[in-house]
Structures are given as C-alpha cells and as structure tokens.
Novice: 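Starting off with a structure, shown below.
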Amino acid sequence: MARRRDDKITVEEEIAELSKATSVFEKYIQSSFAEFAGSMVYTFIACLAVTTMDVTNIAFAEGFGIAFLCSAFLSVSGGLFNPALTFSMALAGGINIVAAIMYFICQLVGALVGASFVRAVILGDSYHDIKGGCNQYRGVVPFDKYDSNRQLEMTQGTAVVIESVLSTMIFLVYLMANLDSKSRQPTGPLAYGFAVLVSVIAAYHSTGASFNPARSFGPAVVSGYWAEHYIYWAGPMLGGLLAGLFYRLILGDRKKRFILKH
C-alpha cells in the first residue's frame, strides 16, 4: 500500500510538473512567438503599403492589418506588436515584467525580419525612393519628390508631441477595449485598428505616423535611413507612459486601479 501511495504521489507530481511546463510554454514561449510573427507581418504590410504613395491606402493597410492580426493573436499574446504598447500594458498590469521584456525583444526582431522581406522584394532605386518604408518626418525641406508640395512649418519637438498624443489615444483605446473588464468587447481588435487608421491619416504628412518603435526600427536598420529616428521612440514611449498612468490612476477597473477602488 505504501508503495502504491508513493507511486500515486509521483504520478500527481508528474502531472503537476507537466501542467506547469505547459503553462510556462503558453505564457512566455508561445505568446512571445506570436508577438514576433505579428510584428513581422505588420511591418511587412506597413512598409510595403508605402509603395502606394497614398496616405489613405497606407492608413487602411496599417489599420486593418493591425486589427486582423490583433484579432488572431488576442487570446495568445494580447496582439500588441508594439514595444510602446507593451510598456503601457506592463504599467497597466496587463502583463508581467518578464513577459514584457520577451515581447519587447521579439517585436523588434520580428520587425527586422519583416523589413528584410520588403528589401528582398522591392529592388533597386524603387526601394531607396521609399527609404525602405521608413516613417519620415515631414518637417525637413526639401523632403522628397513624392512630397515636394507639402512643406510644414514644424519642429522635431512638435513631431514628438504629435506622436505622443496620438499614441496615447491608440493605447488607451487598446487598454479600454481589450484589457478592462468593464468595457472589454469582441470588437476590441477592430477598435485598436481604427485608432491606428485615423492616427495615420492625421499625422502622415507631419511626423510620418509611426506610433510604434518596432515598425520604425526594423526598416531603419535594413535601409540605413535613421533621420530623426528618435522621434519614433520618444513619442510612442511617452504615449505609452501616459496611457498606462491614466489607466492605473483613473480609467482602470477596480482590480487594476490604484486609487478609489471602493
């Protein structure tokens, strides 16, 4: 009997270990790979869309692209595909720090691979004409042959403000539609996508409309076009900070809000 009891305990321990391993796999490995794959495809779509030279086409490609990818991977990783949104999610209590770091790395690597595919399919001068699909700050004169009729009086500082304000909006839409228990809804990924879509239309001819450091970083590495690149980190990361704080302090549900929980 003692032997059987020991055998039973051993089997239970093995089951518990297997369950734990499965949980770790799904929580970190599977979800991180989902962020890598989604970031790769999204960057490929976003950079390839620049070949249309039409802000509406670019906005719809990026907006619907992120919406469909988020819908596909929402239950696996949250469907973020953006280091600044990952930062905001960590602040909001949506993911832990280990997962956030893994997501951050996988999103950047995925964007690099996606941008590399763009380099592989667009050849010669055509690739350099669009600067590899990089986000491009419109406050320089002259800009390029496709945008010579639009010269805005703005500075790099105002470009950071535009990126941060619109990033805050995008990230709050994501948090409220996909994380918050009070307002979570099946159309959450679509809300995220539409937030990106309208922001691209609003800012494309001023900042280049990034709101996503990975989407900017990947093509910058591959193409070598780094002009004003810090705008696409400073603006979205500031937006991520503000969105995370707004959610934790005021907008979040009782489980995640820091103050006035009762």
Side-chain angles (χ1 to χ4, degrees), residues 22-50 52 57-90 92-96 98-118 120-121 133 167 169-181 183-201 209-219 236 240 243:
T22 303
S23 177
V24 169
F25 173 79
E26 292 178 349
K27 188 174 183 179
Y28 296 107
I29 307 302
Q30 187 182 67
S31 61
S32 295
F33 182 80
E35 288 297 308
F36 163 81
S39 298
M40 176 183 67
V41 175
Y42 175 66
T43 302
F44 182 77
I45 291 171
C47 294
L48 201 61
V50 177
T52 66
N57 291 339
I58 294 169
F60 271 86
E62 293 196 21
F64 281 114
I66 204 75
F68 296 151
L69 288 166
C70 180
S71 179
F73 292 113
L74 182 65
S75 61
V76 179
S77 67
L80 308 179
F81 320 124
N82 185 332
L85 178 54
T86 299
F87 173 53
S88 191
M89 273 283 282
I95 54 176
N96 63 47
V98 175
I101 292 172
M102 294 180 69
Y103 281 16
F104 191 95
I105 295 170
C106 289
Q107 287 158 357
L108 292 180
V109 175
L112 278 169
V113 176
S116 298
F117 281 133
V118 174
V121 299
S167 294
M169 183 273 290
I170 292 169
F171 302 158
L172 279 176
V173 167
Y174 178 92
L175 294 176
M176 299 305 296
N178 296 292
L179 176 63
D180 195 285
S181 60
S183 56
R184 187 185 301 123
Q185 49 193 304
T187 57
L190 190 60
Y192 179 27
F194 271 112
V196 172
L197 188 156
V198 298
S199 297
V200 171
I201 291 176
S210 172
F211 325 116
N212 186 333
R215 182 259 178 271
S216 297
F217 178 75

Novice: To the nearest 0.5 Å, what is the distance between OG1 (Thr43) and CZ (Phe81)?
Specialist: 10.5 Å
Novice: Hey, could you give me the CD1/CG distance between Ile201 and Leu197, rounded to the nearest 0.5 Å?
Specialist: 5.0 Å
Novice: Just how far is it from atom CD1 of Ile58 to atom CD1 of Ile45, taken to the nearest 0.5 Å?
Specialist: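 Answer rounded to 0.5 Å: 13.5 Å.
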Novice: Are the side chains of Tyr192 and Leu85 in contact, using a 4.5 Å heavy-atom criterion?
Specialist: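 Of all side-chain heavy-atom pairs linking Tyr192 with Leu85, at least one is under 4.5 Å.
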Novice: Identify each donor-acceptor pair in which a side-chain atom of residues 59-76 lies under 3.5 Å from a protein atom, sequence neighbours left out, and give them as a table.
Specialist:
residue, atom, partner, partner atom, Å
Glu62, OE1, Tyr42, OH, 3.1

Novice: What I'd like to find out is whether the side chain of Val196 reaches to under 4.5 Å of the side chain of Asn212, using heavy atoms alone.
Specialist: no
Novice: Within the 4.5 Å heavy-atom criterion, are Val113 and Phe44 side-chain neighbours or not?
Specialist: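 The answer is no, as the side chains (C-beta and beyond) never meet within the 4.5 Å cut-off.
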Novice: Check whether any side-chain heavy atom of Val118 sits under 4.5 Å from a side-chain heavy atom of Pro219, and report yes or no.
Specialist: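 No; the side chains remain at least 4.5 Å from each other.
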Novice: Using only atom types and a distance under 3.5 Å, with no angle test, would you say the side chain of Asn82 pairs donor to acceptor with the backbone of Phe211?
Specialist: yes
Novice: So, using ring pair (Phe, Tyr, Trp, His ring centres under 6.0 Å) as the criterion, who are the partners of Phe36 when residues are at least two apart?
Specialist: Phe33
Novice: Looking at OG1 of Thr86 and CZ of Phe104, how far apart are the two atoms once the value is rounded to the nearest 0.5 Å?
Specialist: 8.0 Å
Novice: So, the side chain of Glu35 versus the backbone of Leu80: is there a donor-acceptor pair under 3.5 Å, distance only?
Specialist: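 The answer is yes, because a donor-acceptor pair under 3.5 Å joins these two groups.
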Novice: For the side chain of Thr52 and the backbone of Ala49, is there at least one donor-acceptor N/O pair under 3.5 Å apart?
Specialist: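 At least one qualifying donor-acceptor pair exists.
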Novice: From Ser216 OG over to Leu108 CG, what is the distance, rounded to the nearest 0.5 angstrom?
Specialist: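 Reported to 0.5 Å precision, the distance equals 11.0 Å.
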Novice: Which pair of heavy atoms, one from Ser199 and one from Ala195, lies closest together, and at what distance?
Specialist: OG-O, 2.8 Å
Novice: Where do Gln30 and Ser77 land on the side-chain contact (heavy atoms from CB on, under 4.5 Å) test, with the steps shown first?
Specialist: CA-CA 8 Å; Gln30 187 182 67; Ser77 67; over 6 Å; no
Novice: I need the minimum non-hydrogen distance between Gly133 and Cys47, along with the two atoms involved.
Specialist: O-SG, 3.8 Å
